[in-house]
Amino acid sequence: MSIDDQDPIDSIDPSESWGFGTLGIRHAELRSPEMEHSPAIYPTSSYVYRSAAEAAATFLGQREGNVYSRFTNPTVQAFEKRLARMEGGEACVATASGMAAILTLVLTMLKAGDHLLASKGLFGSTINLFNNYIAKLGIEIGYATPSDIESWRAGFKPNTKLVFVETPSNPLTELVDIEALATLAHEHGAALAVDNCFLTPVFQQPLKLGADYVVHSATKFIDGQGRCLGGAIVGDAQRVGKDVYGFMRTAGPCLSPFNAWVFLKGLETLSVRMKAHEQSACQLAQWLSQQPIVSRVLHPSLASHPQHELAKRQQRGFGSIVSFEVRGGRQAAWSVIDATRLCSITGNLGDARTTITHPATTTHGRISEQQRTEAGITEGLIRISVGLEDIEDLIADLRRAFSRAEGG
Ligand SMILES: *Cc1c(COP(=O)(O)O)cnc(C)c1O
């Protein structure tokens, strides 16, 4: 039985008219003949058939039906369908982690001799994946400055097949002009993939701006409470629905049904959570801008952000990752981090709990010092993923941490 057969609400309204709050709760609702209200988890590796002929027809794709949970699982498919719709895509393939999503996309699309053009402002593991593992397959890797369209223009080669970006970037919140870069990529016969982890479809829909693929680490805001790892690739029916799906079916970096269920529940509250995270982040960014120990605050909501206007144009919200530099380098940054009590010292982000990170020695600690400098990850930089605690409590915590670090 396909999800569509089980999904009376989805069949009532196939239009694009629902808002993100409604889509996140109601699109592709999974319902078995037991008529459970909350979606069921299907923890099964395989499925049974009434006859050998039915099995044969199902395996050959001549009749609809589940085959094997590496590539057909009802809970995973419900999550894929809902996220695809929220991103404005035709198809979605869920993966075991965000990194598995990036690996899956690259291995599906590229072969030896191709060129991958990536943003300098990427998640540390993504840079490591490209430099240490993808490069050794004979795929060329190049980098461009996210905010500089001329740097992108100069980065293309005749064999460029894929452009990979994050916007806003981690941790510096540098923006890529998705529409301009998509146009440039297509002129060069390349596809554009956007890691939409920081904003989620609630605040940004890269496919609607011309991107060809959206990649997610569902581990972050989609889960929203730091429980499960997972990822996804969203795009059109051919390139994701057939090509990426074909790789998943064979190679198997797939999402577990339990994790898919957690993410389905996460999507139900994504819209309200993203807005609450963002409201606090904007307040925190303002407050940080007024603190003497802070030399620089990076958040697209600030008029001082070099791409504030672009953020207003291409995003529906500014997001909740706020980075700032404290005077005094690593020692000062570590003292501030150690003196907080409410913030969790962890590399994760997108959690209900506010997290505080020193990127230079954690998330970006394994890339070379030169790459770190080029990416602008200084020793005084601190990244905060603003959670859902009361903003007054968060500010009080940081105020105390600043005064400790200043020796007050
Ligand atoms: C965390 C993260 C990833 C990797 O996702 P995992 O689920 O941890 O594998 C990729 N991109 C960005 C922007 C991230 O923050």
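First listed ligand is number 1; within each ligand, the first listed atom is number 1.
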- Query: Can a donor-acceptor pair be found between the side chains of Ser69 and Tyr47 at a distance below 3.5 Å?
  - Reply: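 The criterion, which ignores hydrogens and geometry beyond distance, is satisfied for Tyr47 and Ser69.
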- Message: Distance alone, cut at 3.5 Å: any donor-acceptor contact between the side chains of Asn348 and Arg353?
- Response: no
Identity and distance of the protein heavy atom lying nearest [atom]:
atom: atom 6 (P) of ligand 1; answer: Gly98 N, 3.3 Å
atom: atom 9 (O) of ligand 1; answer: Met99 N, 2.9 Å
atom: atom 12 (C) of ligand 1; answer: Asp195 OD2, 3.4 Å
atom: atom 2 (C) of ligand 1; answer: Lys220 NZ, 2.4 Å

- Parallel, tilted or perpendicular: which describes the rings of Phe318 and His308, with under 30° parallel and over 60° perpendicular? parallel
- Task: Inspect the surroundings of OH in Tyr68 and state if more than 12 heavy atoms from other residues, nucleotides or ligands are less than 6.0 Å away.
- Result: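 Counting other residues, nucleotides and ligands, OH of Tyr68 stays at 12 neighbours or fewer.
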- Crowded around Lys275 NZ? As in, over 12 foreign heavy atoms under 6.0 Å? no
- Item | Gly230 touching ligand 1 at heavy-atom level, < 4.0 angstrom |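 Gly230: in contact with ligand 1 (<4.0 Å).
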- Just going by heavy-atom distances, which of Asp223, Thr219, Ile321 is nearest to atom 7 (O) of ligand 1?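 It is Thr219 that holds the nearest heavy atom.
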- Compare Pro168, Ala100, Ser125, Ser217 and give the one whose heavy atom is closest to atom 8 (O) of ligand 1.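 Among Pro168, Ala100, Ser125, Ser217, the closest heavy atom to atom 8 (O) of ligand 1 belongs to Ser217.
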- Per the side-chain hydrogen bond (donor to acceptor under 3.5 Å, both in side chains) rule, which among Glu140, His188, His115 passes with Lys157? Glu140
